[in-house]
Each structure stands twice: as structure tokens, then as C-alpha cells.
Amino acid sequence: MKALCLRSRLKQFPRNNNVFRRYISSLPIYTDTNLAHQLHTIFTKNPNTSPDDDPDLRALAPFLNPKLVETVLYSFQSWNRAHIFFTWASNQQGYSHTAYTFNAVASILSRARQIAPLRALSVQILRSRCPMTPGALGFFIRCFGGAGLVDEANVLFDQVQSEGLCFPNVYAYNCLLEAVSKSTSVDLVDAKLKEMSHRGFVLDKYTLTPVLQVYCNAGRFDKAFDVFNMISDRGFLDGYLFSILALGLTKWGQVDKAFELIEVMEARNVGVTEKTFIVLIHGFVKQARLDRALQLFDKMKDSGFVPDISLYDVLIGVFSTAKELDKALGLYAEMKEFKVQTDTGIITKLISSCRDEGELKRLYTEIRRDMNLEALTMLYNSLLTVLVNNGSINKAYGLLRMLMKKGCNNDLQGDEFCWENDPNADSFCVVIDGLVKAGKLDMAVGLFRDMPKKICCKPNLLIYNNLISGLCSSDRLEESFEILREMEESGLVPSPFTHNSIFGCLCKRMDVAGALDLVKKMRVHGHDPWIKHCTLMVKELCKHRKAVEACKFLDDVVEEGFVPDMIAYSAALDGLIRIKEVDLAMELFRDIVARGNYPDVVAYNTMMKGLCQVRRVAEAEELLNEMITKGLVPSVVTYNSLIDGWCKNGSVEAAMRCLSEMFDKGREPNVITYTTLVNGLCNAGRPEEALAVWNEMVAVKGLVPGNIAFMALVHGLCKCGRTNEAAVHLREMKSRGMKPDGYVYTALISAFLAELNHPSALEMVKEMADEGSFPGKLDKNHAIARDAVIQLLRDSRTWSSIRDLIAEGKIPSISMPDIESEGLDGCIT
DNA sequence: ATAGGGTTAG
């Protein structure tokens with residue numbers, strides 16, 4: 001009894017040494033204050049020496065007794081000291097812990113949430129075989145429950161019984177149930193309830209409350225309502241039990257039922273506590289039931305409670321995501337009425353409730369006085385963001401510039417805002433980013449240069465990255481390097497994005513040496529160069545017929561330890577093929593596997609195209625078989641390339657066969673397939689079949705031919721001498737809004753001239769001239785067009801029209817001397 | 001607050 005008394009008195013003391021010392025000196029005789037003090041001092045002051053080596057401790061050990069140990073345990077501020085002392089005491093000869101010393105250390109460890117030592121303690125208490133009263137067991141179990149060690153509590157509860165150390169009473173059971181109450185262990189609860197009734201225990205309120213809690217946690221409302229009714233029948237019902245049930249229902253989405261329960265409480269005059277209101281409103285909001293949340297919120301106020309800031313915060317938060325500024329402001333006004341102190345979180349939510357500039361300004365006028373400088377800057381930055389997102393980048397820029405002018409005051413003309421705050425780095429970030437996105441790089445750089453040299457405006461990584469990336473996209477590489485240098489000097493570490501922005505720019509410029517230098521630097525930073533930039537380098541080099549250099553670049557990148565992917569290699573393959581280095585391409589293609597990549601369908605397509613173009617269709621066919629063997633599925637592109645190859649190789653039959661096979665294989669031919677065939681058939685002098693194929697594409701397959709397809713057909717028909725049909729398709733093409741180019745017109749004109757149909761040829765020249773499609777001097781078709789014009793000038797039916805076109809400048813590229821030299825000066829006035 | 005690049009038709 002005395003020990004219990006002592007413990008509870010000790011617990012009231014804050015863990016403060018002076019207070020403790022004063023207390024120690026007032027202790028009654030039965031505790032040796034001097035001893036307790038000495039032990040406390042030794043364990044506090046020598047944290048580094050092992051207690052076992054301490055001669056002073058060895059001297060004190062024989063005087064240990066449970067009461068002393070308990071006193072000393074509670075005297076430590078740190079759980080760790082207490083634990084060390086407890087362990088030391090455990091090992092002293094002649095001393096044994098009692099349930100009370102175990103409980104003392106258990107409560108200390110539990111409060112400090114020291115799970116592992118607590119677990120060890122449950123083993124130790126069993127091993128020590130110390131007997132305990134049901135009350136002591138209950139206390140111990142509650143320590144475990146408080147630390148969340150539900151299973152351990154349960155096991156221990158059973159073991160102390162089977163070992164005969166304790167026979168639990170209702171209180172001990174209740175403690176166990178309380179420990180279990182945070183869990184969803186319905187089975188465990190049921191088992192314990194059964195045990196209790198077997199033993200003839202009367203279930204009281206403290207039994208049934210945790211039981212209800214567990215049923216609610218597990219969503220077992222059938223059982224929960226049974227228990228609830230049982231509690232009600234026994235007359236135990238109170239607001240707390242209602243709130244457990246209501247909150248459980250809420251957590252399981254049954255908001256309406258929870259709300260009904262509150263109404264029942266009101267009807268029965270069971271007071272709903274403030275905490276219940278708060279917890280339920282939060283729960284309703286979490287369940288996205290703003291309607292009920294607001295209803296309950298009103299009830300709460302009707303009951304005379306002043307809602308706390310957390311409720312205003314969460315409700316304003318909902319209105320803020322819905323962008324309902326008015327409703328958010330309504331709550332805010334109410335909050336002020338209740339004199340609830342606002343905070344930054346709420347101000348932030350109000351700011352993000354604003355949809356546009358107007359709303360931000362309104363908000364500013366309404367809550368200006370409640371905002372501190374930090375909040376003002378936030379509002380200001382929101383305004384800048386809104387402006388930037390609405391495309392008013394100039395306005396955002398202007399505002400920021402205005403703010404940068406010190407002594408910003410009420411005279412700011414034309415603006416209702418009065419900013420007395422300073423912009424911060426975020427302000428600049430928003431505007432610089434906006435300027436970069438709007439392509440106003442010079443302004444962005446200028447603003448960056450003018451950033452005030454203050455800590456709050458120190459450019460951050462995002463600013464540097466955005467600026468460097470913007471400059472790089474505009475090929476302003478030198479400035480990017482300069483800014484990168486400044487960035488590093490300022491102590492910021494470039495991110496992979498920073499380096500890759502510059503790397504991409506170097507690749508776009510085809511600066512192979514520069515790119516490789518940077519890759520070396522990046523490797524030091526542990527940054528991978530983005531392969532898409534390597535691919536870009538390859539593409540650009542290939543565009544300039546430098547496919548060999550591209551391959552070398554890829555090799556060098558590999559040398560640095562970064563292996564490009566198949567896409568980069570495919571680009572290189574294509575580049576080699578474009579400069580007719582098919583054998584080199586083949587070599588690379590075979591080498592790719594050795595580099596750890598597997599050629600994919602696109603790579604095969606590229607290779608096959610290359611072979612077909614140099615009439616090595618048989619090899620292309622071999623590749624087709626190879627890819628199928630490797631489990632790759634040929635695409636429409638694959639077949640299209642092959643069809644083209646066969647057509648150009650004189651085997652139109654094979655191409656046609658392929659077309660029907662495509663259907664079988666489920667690779668639906670597309671416009672390109674048909675166009676290729678139309679072209680091939682016309683070249684083979686088979687216009688009827690070409691028209692049939694065309695018809696199948698349009699009428700049967702419902703495909704929509706584009707510019708190139710139409711031009712192939714028109715050109716092909718001209719070639720076959722089907723000029724009139726060609727002209728019909730030209731009409732159709734134009735009626736569908738497509739614009740034929742000089743190539744097609746020239747074909748038609750030549751064809752009409754060949755048929756000696758000068759009037760029709762003239763029509764075509766007119767159309768071509770009217771559309772400004774007359775082939776320029778550098779155009780392959782220029783000579784043909786010019787010859788046609790000359791021929792038409794020689795014909796009395798057509799010459800005057802041609803003369804007019806020349807006079808109007810619609811045939812600009814035919815120079816006078818050209819015509820005069822033909823001796824036709826009489827035709828031109 | 002950050003990926004997405006390679007292949008086919010006159």
C-alpha cells in the first residue's frame with residue numbers, strides 16, 4: 001500500500017531534478033533518501049562507465065529493495081537511465097524485482113514508446129515468476145496497450161494465468177480489453193467475453209466500452225448495435241459511448257446513420273460533447289460529406305460551442321479546393337466573430353480559393369489586416385501565378401517590378417493593391433518561369449539579374465533550372481554556361497535537369513566535343529545524360545549526312561559508361577542508310593546485340609527499308625524472316641517498305657500478294673500501303689489496277705487519302721496517259737481542300753501537251769500560277785514548266801493568257817531574257 | 001517540379 005501511495009505521489013512531480021531533490025528530502029523515513037539520491041546521481045552522472053565496474057554501486061547493491069528501486073526509477077528524466085538502472089538492479093544478488101518495480105519501469109517505457117525493451121520486459125516478468133495482484137497485472141497490461149503492444153498484452157495475460165502467477169478479476173480483464181480496443185480483433189474480444197461469463201464475472205461499463213470500440217473499428221455494426229443496446233439496457237449509456245458508435249459509423253462511410261445517432265442523442269438529452277462534434281465533423285469531411293459536416297457544424301454552434309480552428313481549417317479547405325471564395329470567406333468572417341485566431345494555413349487556403357485576379361484583389365481588401373508579411377507575400381505570389389497562368393505575363397512582370405521598387409506605397413497609381421511586403425525567391429521564380437514560357441528570355445534574364453541581393457531572394461534551384469532550360473531551348477548556350485557557373489559559385493549543386501538542359505542544347509548544335517566534355521562532368525556528379533538528347537545529336541548529325549560521326553559519338557558515350565538505347569541506334573542506322581552506307585548500317589545492326597541492345601521492329605524496318613532502296617529485296621526478305629523467328633511482329637511499316645521494294649524491283653505481283661497477306665495477318669493496310677501500290681502499278685503501266693486499288697482503299701476500306709496519296713495517283717495516271725482521269729482526281733483533291741504542288745501540275749501540263757491539248761495545259765498552268773505553285777529556279781520541274789510555257793506562248797490560242805500571267809507576275813521565275821532569247825519578243829508587250 | 005526520342009508513300 002505504501003509503495004503504491006509513493007508511486008502515485010511521485011508521478012505528480014514534473015521530471016525536474018531540483019523538484020525531485022526537494023521531494024527526496026521530504027520523504028518519510030521508510031525510504032532511504034540518501035541511498036535513492038546516491039543511486040540517482042551515479043546513474044545520471046556516469047553515463048559512459050558500465051554500472052558493473054562502479055565500486056560505489058557495488059557498495060550500494062546490498063541495500064537494494066523494491067521500494068528503493070521504485071523510487072529511483074521514477075526519479076530519472078530519461079527512460080534510458082531508468083532502464084539501465086532497472087537492468088543493473090535485476091542483476092544484483094539478493095535482490096528481486098516485484099510486480100511494482102516491473103510496473104514502474106513498464107510505465108516509464110510505455111510513455112516513452114520503447115517497444116523493444118517493453119517486449120523484453122514481458123519475457124523477464126514471466127521468467128522472474130514474481131506473483132502479482134490482479135490490479136498489478138491490469139496496470140502492466142495497460143502499459144502494453146498504451147504502447148500498442150496488443151498481441152503481447154494478450155499473450156502475457158494468458159501466460160500469467162497458466163503459470164499460476166495471477167488470477168485476473170474483472171478489472172484485469174477490462175484492462176486487457178482496453179488494450180485491445182484500438183484494434184479490430186473481434187475474435188479475441190469475443191473469446192475474452194466468453195471467458196468472463198464462464199467465470200461468472202459481471203460485464204460492466206468498462207468491459208463493454210472497449211468491446212463496442214473494437215466492433216466499430218472492425219465495421220461489425222451488427223455486433224456493435226447489440227452491445228450498444230446491452231449497454232443501454234443496463235443504463236450505462238453516455239455521450240462517450242454514443243460518440244464511439246457515431247465515429248465508427250462515420251469511418252465506415254455511414255455518415256447519415258452517424259448523423260441520426262446525434263439526433264437521437266439530442267432527443268434523449270444526452271449531451272454531445274465538444275470533442276464529439278469536432279471528431280465527427282472531421283470524419284464527415286473525410287468522407288466527402290460536406291452537407292452533413294455543415295449541418296453538424298451548425299448543431300455544434302447551436303449547442304453553444306465555439307468551433308475550434310481545426311474545424312474552420314478543414315471546412316475552409318473544402319471550399320478552397322472547390323474554389324468557392326465566397327463560402328470560404330463566409331466561414332472566415334464567422335471565425336473572426338467568434339474571435340478564433342487565424343493562422344497561415346487558413347490564409348493559404350483562402351488564397352487558393354481564388355479563381356482569378358479579381359478574387360485575389362477582393363480577398364486582399366477583406367483580409368489585409370489579418371495577414372502578416374509572410375502571408376502577404378504568399379497572396380502576392382498567388383496573384384503572380386494566376387496572372388502568369390492566364391497569359392498576363394506582362395502584368396505579372398510589371399507588378400513584380402513595382403514591388404521591387406522600395407517604398408511601395410498607397411500612391412501606386414491604378415492599382416488597388418498596396419504591398420508593403422517584399423517579394424521572395426518564389427515571386428521571382430513564378431515570373432521568370434512565365435517569361436521563359438512566353439519566350440521573353442531577355443526579360444527573364446534581366447529580371448534574374450535585378451533580383452535583390454537578399455537572403456529571401458537568393459535564386460533557388462528551380463529558378464536556375466528554368467532559366468538555363470529556357471536559354472538552352474533558344475540555343476543561348478553561352479549564357480547558360482555563364483549562369484551555370486554562377487549557380488555553382490553560389491553554392492547550389494546543379495541537378496540532372498540542369499546538366500541535361502545544357503547537354504540537349506549541345507546535342508542540338510551537334511557540338512560533339514562539348515557534349516562529351518559535359519558527359520564527363522556529369523559522370524562526376526552521378527548524373528545520367530538523357531538518351532533522348534543523344535538521339536537528338538544523332539538525328540542532327542544524320543540530317544547533315546554525318547552518320548559516321550554520329551556512330552562515333554554513340555561509341556564515345558558508351559566509353560563514358562552510358563549505354564544508349566535501341567532508339568538512338570535506330571536513328572544512327574537510318575542516318576547511315578540515308579547516305580547509302582547500307583553495309584555499314586548492316587554492320588552496326590549486327591553489332592547492336594553485342595552492345596547489349598536488341599533490335600526491335602523499328603530497327604528491322606529501318607534496315608529493311610535500306611536494303612529495299614538499294615534493290616536488295618531478297619536480303620530484306622531474309623530480315624523479315626529473321627525478325628519473325630525472333631518473335632518480333634512485323635508492323636504495317638515493315639510490309640509497306642517491302643511492298644515498295646518489290647514494286648521498285650519490278651515484282652508488282654509480289655507486292656500485291658503481300659497486300660492480301662496483310663489482311664490475313666491482321667495488319668490492316670493503310671493509306672501509305674495503297675499509295676505505294678498505286679505508284680508501283682502506274683509505274684508498271686497498269687493504271688486499271690491502280691484505280692482498282694485506289695477504289696478499294698476509298699470505297700471499301702473507307703480510308704481517307706491525303707495530299708501525297710492524291711498526288712501519287714494524279715502523277716501516276718498522267719504517266720500512263722490517262723490525263724483526263726488524272727485531272728478529275730486533281731479536281732477532287734482540290735475540292736477536299738488539298739493543295740497540289742508544282743510537281744503534280746507539271747506532270748499534268750506535260751501530259752496535256754503530249755496529247756496536244758494546249759487549252760487544258762493552259763488551264764493547268766493558270767491554276768498552278770494562281771496558286772503560286774510555279775516551280776522555282778531551283779526546282780527540278782522548273783525546266784519542264786518553263787518549256788511548257790514557251791510551247792504555249794507559241795500557240796495563238798494560248799499565248800495571250802500566258803502573257804497576262806507573266807505580266808501579273810504569277811510566273812515570276814521565267815525571266816525576260818529567257819523568253820527573248822527564244823525570239824518571242826513579239827508576244828510580250 | 002522536369003523525358004520521351006527512332007521506321008513507311010509522289
Side-chain angles (χ1 to χ4, degrees), chain A residues 426 429-430 433 460-466 468-470 473 495-501 503-504 507-508 528-540 542 550 554 564-578 585 589 592 597 599-610 612-613 620 627 634-645 647-648 655 667 669-680 682-683 690 693 697 703 705-719 726 729 733 738 740-747 780-781:
Chain A
D426 289 341
C429 191
V430 169
D433 196 30
N460 55 30
L461 179 70
L462 200 53
I463 294 181
Y464 277 111
N465 277 359
N466 286 336
I468 289 175
S469 147
S473 314
S495 70
F497 185 87
T498 329
H499 282 138
N500 269 299
S501 298
F503 182 61
C507 289
K508 184 88 223 287
D528 287 3
W530 291 342
I531 304 300
K532 71 161 180 175
H533 289 145
C534 298
T535 309
L536 180 65
M537 172 76 96
V538 171
K539 285 281 283 182
E540 291 300 318
C542 289
L554 289 181
D565 61 7
M566 201 51 239
I567 297 181
Y569 282 115
S570 293
L573 283 178
D574 193 54
L576 288 170
I577 281 161
R578 277 175 208 277
F589 184 77
I592 279 167
N597 282 305
D600 58 7
V601 175
V602 175
Y604 271 99
N605 289 347
T606 307
M607 235 14 263
M608 286 165 68
K609 171 196 72 172
C612 287
Q613 280 173 354
M627 70 188 284
S635 66
V636 178
V637 177
T638 319
Y639 293 116
N640 288 351
S641 297
L642 271 172
I643 286 175
D644 201 35
C647 284
K648 301 229 159 88
R667 304 270 110 171
N670 58 21
V671 174
I672 297 176
T673 320
Y674 285 105
T675 306
T676 310
L677 278 164
V678 163
N679 184 47
C682 287
N683 280 336
V693 163
M697 164 174 75
L703 294 169
N707 217 331
I708 297 178
F710 263 105
M711 294 199 288
L713 179 66
V714 173
H715 187 264
L717 289 172
C718 287
K719 219 170 165 180
H729 283 102
M733 173 181 180
M738 284 172 257
D741 62 11
Y743 166 82
V744 192
Y745 278 118
T746 312
K780 271 187 269 179
N781 296 303

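Keep in mind that the numbers below use all heavy atoms, side chains included, and drop hydrogens, waters and symmetry copies. Here is how names work: the chains are called A, B, and so on, in the same order as the sequence lines, proteins then strands, and each is numbered from 1.
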Side-chain donor or acceptor of A:N605 paired with backbone N/O of A:V637 under 3.5 Å: no
Set of residues satisfying ring-ring contact (aromatic ring centres under 6.0 Å, His included) with respect to A:Y639, sequence neighbours excluded: none
Any chance you could measure A:S501, atom OG, to A:H499, atom NE2, to the nearest 0.5 Å? 10.0 Å
Using the side-chain hydrogen bond (donor to acceptor under 3.5 Å, both in side chains) rule, pick out the option among A:T638, A:N640, A:D574 that qualifies with A:K609. A:D574
Just the table, please: protein N/O against nucleotides 1-4 of chain B N/O, every pair under 3.5 Å.
residue	atom	partner	partner atom	Å
B:dT2	O4	A:N465	ND2	3.3

ring-ring contact (aromatic ring centres under 6.0 Å, His included) against A:Y569, all qualifying residues, sequence neighbours excluded: none
I'd like to check the ring-ring contact (aromatic ring centres under 6.0 Å, His included) partners of A:F710; sequence neighbours left out, ordered by chain and number. A:W694
Could you state the interatomic distance from CD1 (A:I463) to CG (A:N460), rounded to the nearest 0.5 Å? 4.5 Å
Separation of B:dG6 atom P from A:E540 atom CD, nearest Å, is 11 Å
Suppose we screen for side chain to side chain contact (heavy atoms under 4.5 Å, CB included). Which residues come up paired with A:A571, at least two apart in sequence or across chains? A:T535, A:V538, A:K539
Distances for protein N or O near nucleotides 7-10 of chain B N or O, under 3.5 Å:
residue	atom	partner	partner atom	Å
B:dT7	OP1	A:K539	NZ	3.3
B:dT7	O2	A:N605	ND2	2.4
B:dT8	OP1	A:K609	NZ	2.9
B:dT8	O2	A:N640	ND2	2.3
B:dA9	N3	A:T675	OG1	3.4
B:dG10	OP1	A:N679	ND2	3.3
B:dG10	O3'	A:N679	OD1	2.9
B:dG10	O3'	A:Y743	OH	3.4
B:dG10	N1	A:D741	OD2	3.0
B:dG10	N2	A:D741	OD1	2.7
B:dG10	N2	A:D741	OD2	3.0

